[in-house]
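Heads up: the structure comes next, in structure tokens.
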Number of protein chains: 4
Amino acid sequence: MMDTGQSEPKWRRRAEDRPDEVLDASLKLFAQNGFAATKVEDIATEAGISKGAVYRYFSSKEEIFESLVKRAIAPIAERTEDLARTSHEDSAVLLKAVLTVAATKLSDPDTLALPRIVLQEASRFPELAQTYRRQVIDRAIGALELIIEKGIARGDFRPVNARLAVRNVIGPLLAHFLLGQTFGIDREASASPHSFIESHYDILMRGLMKPETGEPQ
Amino acid sequence: MMDTGQSEPKWRRRAEDRPDEVLDASLKLFAQNGFAATKVEDIATEAGISKGAVYRYFSSKEEIFESLVKRAIAPIAERTEDLARTSHEDSAVLLKAVLTVAATKLSDPDTLALPRIVLQEASRFPELAQTYRRQVIDRAIGALELIIEKGIARGDFRPVNARLAVRNVIGPLLAHFLLGQTFGIDREASASPHSFIESHYDILMRGLMKPETGEPQ
Amino acid sequence: MMDTGQSEPKWRRRAEDRPDEVLDASLKLFAQNGFAATKVEDIATEAGISKGAVYRYFSSKEEIFESLVKRAIAPIAERTEDLARTSHEDSAVLLKAVLTVAATKLSDPDTLALPRIVLQEASRFPELAQTYRRQVIDRAIGALELIIEKGIARGDFRPVNARLAVRNVIGPLLAHFLLGQTFGIDREASASPHSFIESHYDILMRGLMKPETGEPQ
Amino acid sequence: MMDTGQSEPKWRRRAEDRPDEVLDASLKLFAQNGFAATKVEDIATEAGISKGAVYRYFSSKEEIFESLVKRAIAPIAERTEDLARTSHEDSAVLLKAVLTVAATKLSDPDTLALPRIVLQEASRFPELAQTYRRQVIDRAIGALELIIEKGIARGDFRPVNARLAVRNVIGPLLAHFLLGQTFGIDREASASPHSFIESHYDILMRGLMKPETGEPQ
DNA sequence: GATGAATGAGGCTTCATTCAT
DNA sequence: AATGAATGAAGCCTCATTCAT
């Protein structure tokens, strides 16, 4: 919140930063190679510490993964409620804002990394997957559902099944960014985050809005 | 200890079926536990043969995975062109048919399994991922793109960017089935494949069609 | 002894020839890759039969090796005594004849192969090595020892320790052919079997003969 | 079951010595059983460490073998040149010195072990065999050749083909020590290194020297 | 606290041998 | 008798985790 302008020197390694550095390193390597194929020694090297030191902060490789997920969840869990509260505005405007933010974040590979890993490892860490689901997915879905329901109540949207309609909001983002990153699809200009969001928003809004409402935006 | 006299044959000689049995077993276990966490011995046991026998048909665990993907790709690659050719019909009708077929297939965990695994292991098998992408994803996207473009040319659809619009067709399916299976979301009745497809189709078609076209379906 | 001139057609595979064909194949492969690195399947393929068939003639890979050694030993064991009996001639002439025969044989890689393998595998097949030693090495040494002793008795040679002098007869052959084949030493013309034997004989005879005997040969 | 209280350290930390200890253990076992028949676990046990520890120092069993050869080669490659330089002396004296040193070394099973293994495994490690040949065999042969040529130039020796004559120097050593060790030949007193060298030298020198030179030594 | 040497269970793979066909 | 599919013991190697220094 308060950026004093004096950038924290990267080289100052402080003990309390270590766990986070380990998690950063892990995130990078897990995203690159998957959980099983990532060696603790590699994590240590990437974090600039020794293998043994890793075990000072985390009791096992699995715990690193759990902490990684929990670290990512924490801020999301806190901020999510804002989404619902802020919805005093026009539903269409709100939805566009949400989509834009989401697209911006998901177009960053580092942000996409964790959801991807969780998806990958869900079967091996069922409880963690459930935690992620409840803390992140359910909240996001819940928030979007609420936005849609409010839009329906306000008369902005047609009376659709809000819970199912959420798939039409989230899905195209998934298809674009997840497949895009995983398979390297459509790296051309036409697929820039911006133009994609324009297209998605255009189609989605027409699909949700009442016919007489006229053009979206 | 107790020999009843009825000799149980240690194994059957059934070379022709074995490779497929191994692949079936592998698909099941890979889907369940991922590639790395699946032991060759488990595959063998699941296939009802010995560890060593697996290596008569596949030279390594990786080759099993590759064969699995190729086996799944083959029929898809053949049938895909049909999709484009059949499109003499009304674009809306065609699109609904496609969505219904896709939903039916994807709601079967066994069908969804392979795409899931490919997604999971893409970073560890980059070439295989690219093969899958070209043979399956690109074709599917291409076919859908063609349907949309024909719809635009016929005046059924608004002039949208067909390539990007494809995300709005595929994405909700992904969100529904992939996340649904992975995280166990929404197992309630409201989320039946049928009702989801109705919802998806309704929103999607309104988003694509010209306003004056009237109600979809 | 009786060569009728009608060469046995190679392509006529008869059951009674099989064991020898297996041994031929084994000799070739053992010489090439060693005992451990040679697979029974490779032997079978080389012999033009199936893996199972090999086990009809030999009960194990070790037995193949044993048979190989015994097959090679048999004729040697029979012929060796001749060497001692023939020694009515001049010791120098006899020794030269022996050296020439030995050099001719050892310059053929196929002949050298078995001694090489026996040397290689001696520690893994101690009994076989002892059999080989007694049947081949001891006899050869014994025969040469006898030749030398007779030479001394006749006054052709100086009174040397015959048993130790045998090393001076055999050793250079070993050095030339064994090292030559194993390490590919001296493939030039100067190292032809013939010129080597001339050199060896020249040096050896001068070493053994009485000074006053004059030039050898 | 019975904890006496005196904690036995599971291992010592001794990284610097370990590689050599592993090589020593490997040499012993390779010499005894051959490369293929020696298990990494056996090497580890012989070296007093665990299987895994071996892999801290060598990335594979093959690398152990390579290191073994290189370790043995290094000092030889350095010292060999001395042999040629020292040859200010009488050729006969020099040759006897060389033979005596060689015999002393080769009569030690531990010294003979490596050449034996290299000979055994030459076909499986062709590059290593060539390295050994160039670094050890070619140098030794070259040095001996030089001694002989100098002897000829000085008028000590007859004009023989030096390159081929080298076989008469080396060969008897090979026959005596290599066969002796491999097949357990002549363990009697008559075959002591000393008496063998006397015999070999006696026969060899007479073979090389000019008739009028008189008795060797 | 930090380090990295050491451990050892566990996985992949090979291949001699067996035996149903 | 021949075949080659199947077995399974055994070996190489990996790597998460421990712990002496």
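Chain naming here is simple, since letters A, B, ... match the order of the sequence lines and numbering starts at 1 in each. Note that the coordinates shown come from a computational prediction; the quantities given were computed from them, not determined experimentally.
- Atom CD in D:E21 sits roughly 14 Å away from atom P in E:dA5 (whole-Å rounding).
- Every residue meeting the side chain to side chain contact (heavy atoms under 4.5 Å, CB included) condition with A:N33, not counting sequence neighbours, appears here in chain and number order: A:L29, A:A37, A:T38.
- Across E:dG4, F:dA16, F:dA2, the shortest atom-to-atom separation from the side chain of C:Y57 is found for F:dA2.
- Atom C1' of nucleotide F:dA9 and atom NZ of B:K51 are separated by 8 Å, given to the nearest angstrom.
- Look at CD1 on C:I64: it is 9 Å from P on E:dA16, rounded to the nearest Å.
- D:F58 has its CZ atom 16 Å from the C1' atom of E:dA6, to the nearest Å.
- Looking at every heavy atom in both residues, A:A113 comes nearest to A:A31 through CB-CB, 3.7 Å.
- Every side chain to side chain contact (heavy atoms under 4.5 Å, CB included) that A:T45 has, sequence neighbours left out, goes to A:E41.
- Comparing B:K39 and D:V54 against DNA chain E, the residue whose closest nucleotide sits nearer the 5' end is D:V54.
- Side-chain atoms of D:Y55 lie closest to F:dC12 of the nucleotides E:dT14, E:dT7, F:dC12.
- One atom, CD1 of A:I43, and another, P of E:dG4, lie 17 Å apart when rounded to the nearest Å.
- Residue D:S60 is classed as a sugar-phosphate contact, given heavy-atom separations below 4.0 Å to backbone atoms only.
- Across all strands, B:T38 comes closer than 4.0 Å only to sugar-phosphate atoms, never to a base (heavy-atom distances).
- For the atom pair CD of D:E46 and NZ of D:K28, the computed distance is 3.5 Å after rounding to the nearest 0.5 Å.
- Phosphate contact (OP1/OP2 of E:dA5, side-chain N/O of D:R56, threshold under 4.0 Å): present.
- Regarding A:E63, its CD atom lies at a distance of 10 Å from the P atom of F:dT17, rounded to whole Å.
- With sequence neighbours excluded, the residues satisfying side chain to side chain contact (heavy atoms under 4.5 Å, CB included) with B:E121 are B:F35, B:F65, B:I117, B:R124, B:F125.
- If you take CG of C:L29 and P of E:dC15, they are 13 Å apart, rounded to a whole angstrom.
- Out of F:dA16, E:dA6, F:dT14, the shortest distance to the side chain of D:S50 is found at E:dA6.
- Mapping C:G52 and A:A37 onto DNA chain F by nearest heavy atom places C:G52 closer to the 5' end of the strand.
- The distance between atom NZ of B:K61 and atom P of E:dT13, rounded to the nearest whole Å, is 8 Å.
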Would you write the dot-bracket representation of DNA chain E, where each base gets (, ), [, ], | or . depending on whether it forms a Watson-Crick or G-U pair under 3.5 Å and with which partner?
-> .||||||||||||||||||||
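- Among pairs with a residue in residues 60-72 of chain D, those fulfilling side chain to side chain donor-acceptor pair (under 3.5 Å) read D:D20-D:R71, D:D24-D:R71, D:S59-D:E63, at least two apart in sequence or across chains.
- Of the candidate nucleotides E:dT14, F:dA2, E:dG1, F:dA2 has the atom lying nearest to any side-chain atom of C:R18.
- Under the rule for a side chain to side chain contact (heavy atoms under 4.5 Å, CB included), the partners of B:S50 that lie at least two apart in sequence or sit in another chain are B:A53.
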